[in-house]
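Basis for what follows: all heavy atoms, side chains included, without hydrogens, waters or symmetry-related copies.
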Amino acid sequence: MGQHRRRTPRRRRFLAPTLVTTALSVLTVAVVVVGTHSLTPRATAVASPATSAAVAPPVPGTPSVPAAVPVTGTEPSVSSEPDPATASAAPTPTPTPTPTATATPAPTTAAPTPADGPLGTTATAPATPEAATVGALFTGTVRPGNHFCTASVLHSTTGNLLLTAAHCIDDPSGVTFVPGYRDGKAPYGTWRVTAVHTTTGWSRGGDQDEDFAVLETAADDSGRRVEDVVGGNTLGTDEPFGTTVRLYGYPAGGEQPLLCTNTTGRQSAYQRVVDCPDYPGGTSGGPWISTATGHVVGAIGGYQQGGDTDDTSYSAYFDHTIAALYQEAAAAAAS
C-alpha cells in the first residue's frame with residue numbers, strides 16, 4: 001500500500017495530561033527506519049537503523065493464556081451393578097434386576113452471545129481474562145479520576161508491550177498502566193511505561209492513518225512482566241473491514257471499562273468505523289478485538305482522533321505499517 005500520507009485537521013477525544021507534549025515537539029532520541037516507513041521510538045530504547053524488503057512482517061504468534069483461569073473438572077462416571085446370578089434351575093421367583101446407573105450427559109453449550117448484550121449495545125465490561133488485558137493509563141498516582149486514555153497488552157516475546165493511540169501519549173515520563181483497573185483498584189498490579197514508539201508519519205505530520213503507538217513497560221516491583229500476569233492479544237493485520245469486534249475503553253469520567261460488540265465498516269482506505277454508543281473521552285486507545293480470530297485489529301483513534309461524537313468510533317487500519325512498527329518496538333524491547 002505504500003506509506004500513508006493523508007493529512008487532515010486533528011481533534012482530540014480526551015483531556016490530555018499536562019505531561020503530554022504535542023506530536024510536533026522536538027524528539028530526543030534517534031530515528032529508526034524500518035521497512036517502507038520511518039519509525040520513531042521516543043524514549044529509553046533505541047534500535048540500530050535497519051532496512052527490510054517491502055513485505056509485511058509475519059503476524060506475531062499465539063497470545064499467552066492468563067494464569068489463574070479456572071478449569072472445570074469432568075463428572076465421574078458411575079459404574080453399574082451386575083445382574084444377580086440364579087442359584088439353581090429350581091422354580092424359584094426370578095429376582096428383579098438392579099437398575100443400571102447412567103451418567104448424565106453434559107449439557108450442550110449454546111453458541112456464545114455478546115457479553116454486553118445485542119450488537120451495538122454498550123455496557124460495563126465483565127471481569128474476564130480478555131478484559132484483564134485492557135487497562136487505563138495514569139499520570140502520577142493511581143486514583144479515581146486520574147486516568148486519561150486506554151491501552152491493552154500486545155502479545156510479544158518480550159512480554160512487556162502495550163497498544164494505544166498515538167495521540168494519547170508522546171512522553172512516557174510518569175505514565176503508569178493498570179490492567180483490569182476498576183473502582184480505584186489495581187487487581188493485577190501496575191506497570192511503568194518506559195518508551196513510546198510511533199511512526200514518523202504521525203510524529204512529523206499527525207497522520208490520522210498512523211494514529212497508533214506501541215509502548216514498552218518495565219517489570220513491576222516483583223520482577224514480573226505484564227504479559228506474564230494478564231496475557232496479551234495478538235496483533236492482527238490486513239483483516240477484513242466487515243469484522244465483528246469487541247470494543248473496550250475506559251471513559252475519563254468513569255471507573256470501570258466499557259464493552260460493546262458490533263461489526264466494523266470502512267470509512268476510508270485506511271480507516272475502520274464502528275457504531276457503539278457512549279464512548280466518550282478517555283476511551284481513546286481502546287482495543288478492537290476480533291470475535292472471529294481473537295486478534296486486536298484496531299485501537300480507538302484515527303479519523304478525528306477517534307471521532308467527534310460519543311456514538312461512532314474510528315481506528316486506523318492495521319496493515320504493514322503497524323506490523324513494521326511492532327517489529328521495531330519488539331526489537332528495541334529485546335535489546
### Message
Set out, in order, the CA-CA distance, both residues' side-chain angles and the distance that settles side-chain contact (heavy atoms from CB on, under 4.5 Å) for Thr321 and Phe212, then state yes or no.
### Response
CA-CA 10 Å; Thr321 308; Phe212 38 71; 4.0 Å; yes
### Task
Would you please test Asp170 and Thr198 for side-chain contact (heavy atoms from CB on, under 4.5 Å) and show each step?
CA-CA 8 Å; Asp170 68 356; Thr198 62; over 6 Å; no
### Message
The test is side-chain contact (heavy atoms from CB on, under 4.5 Å); show your working for Ser284 and Gln305 and say whether it passes.
### Response
CA-CA 8 Å; Ser284 285; Gln305 294 196 351; 5.8 Å; no
#### Entry: side-chain contact (heavy atoms from CB on, under 4.5 Å) between Gln304 and Gln208, worked out
CA-CA 8 Å; Gln304 298 174 332; Gln208 64 183 5; 5.8 Å; no
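Considering CD of Gln267 and OG1 of Thr312, their distance stands at 10.5 Å, rounded to 0.5 Å. In this structure, OH in Tyr317 is found 9.5 Å from OG1 in Thr264, a value given to the nearest 0.5 Å. Separating the CZ atom in Phe318 from the CZ atom in Arg272 is a distance of 9.0 Å, to the nearest 0.5 Å. Atom CD1 of Ile289 is separated from atom OG1 of Thr133 by 5.0 Å, given to the nearest 0.5 angstrom. Distance CG/Leu258 to CD/Gln256: 9.0 Å, rounded to 0.5 Å. Put simply, CG on Asp220 and CZ on Arg225 are 11.5 Å apart, with the number rounded to the nearest 0.5 Å.
Gly231 and Val153 get closest at one heavy-atom pair: O-CG1, 3.2 Å. When every heavy atom of Val196 is checked against every heavy atom of Ile169, the shortest pair comes out as CG1-O, 3.8 Å. Between Ala330 and Thr158 the shortest heavy-atom distance is O-CG2, 3.9 Å. Asp211 approaches Ala166 most closely through the heavy-atom pair OD1-N, 2.9 Å. The two residues Pro287 and Thr150 have their closest heavy-atom pair at CD-CG2, 4.4 Å. Of all heavy-atom pairs spanning Ser315 and Ala299, the tightest one is OG-N, 3.0 Å.
For the pair Asn233/Leu163, no side-chain contact is recorded, criterion being any heavy-atom separation below 4.5 Å from C-beta on. Side-chain contact between Leu247 and Tyr279: present, with at least one pair of heavy atoms (C-beta onward) separated by less than 4.5 Å. No side-chain heavy atom of Pro257 sits less than 4.5 Å from a side-chain heavy atom of Val134.
With sequence neighbours excluded, no residue forms a side chain to side chain donor-acceptor pair (under 3.5 Å) with Thr176. With sequence neighbours excluded, no residue forms a side chain to side chain donor-acceptor pair (under 3.5 Å) with Thr164. Thr244 meets the side chain to side chain donor-acceptor pair (under 3.5 Å) test with Thr263; sequence neighbours excluded.
Using the six-membered ring where Trp is involved, Tyr250 and Tyr181 have ring planes that are tilted, between 30° and 60° apart. Using the six-membered ring where Trp is involved, His167 and Trp202 have ring planes that are tilted, between 30° and 60° apart.
Here the side chain of Glu227 pairs a donor or acceptor atom with the backbone of Ser156 at under 3.5 angstrom. Of the possible polar contacts, one joining the Asn146 side chain to the Thr141 backbone as a donor-acceptor pair under 3.5 Å is found. Without hydrogens or angle criteria, Thr217 side chain to Asn160 main chain gives a donor-acceptor distance under 3.5 Å. Put simply, the side chain of His147 gets close to the backbone of Gly254: a donor and an acceptor are under 3.5 Å apart.
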Pairs under 3.5 angstrom only: tabulate donor-acceptor contacts from the side chains of residues 186-193 to other protein residues two or more places apart or in another chain.
unit_1: Trp191; atom_1: NE1; unit_2: Arg224; atom_2: O; d: 3.0

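For CG of Asp183, the number of neighbouring non-hydrogen atoms (other residues, nucleotides, ligands) closer than 6.0 Å is greater than 12.
Listed by first then second residue, pairs satisfying disulfide bond (SG atoms under 2.5 Å apart) with a partner in residues 186-234 number zero, not counting sequence neighbours. Screening residues 271-334 for disulfide bond (SG atoms under 2.5 Å apart) gives Cys260-Cys276 as the qualifying pairs, with residues at least two apart or on separate chains.
A side chain to side chain contact (heavy atoms under 4.5 Å, CB included) with Leu235 is found for exactly one of Val297, Leu154, Leu325, namely Leu154. Of the residues Val296, Thr293, Val245, the one that meets the side chain to side chain contact (heavy atoms under 4.5 Å, CB included) test with Glu239 is Thr293.
For Asp319 and Thr237, the side-chain atoms include no donor-acceptor pair closer than 3.5 Å. Looking at Asp311 and Thr309, their side chains never bring a donor and an acceptor atom within 3.5 Å of each other. At a cut-off of 3.5 Å, with distance as the only test, no side-chain donor of Thr122 or Asp278 sits close to an acceptor on the other residue.
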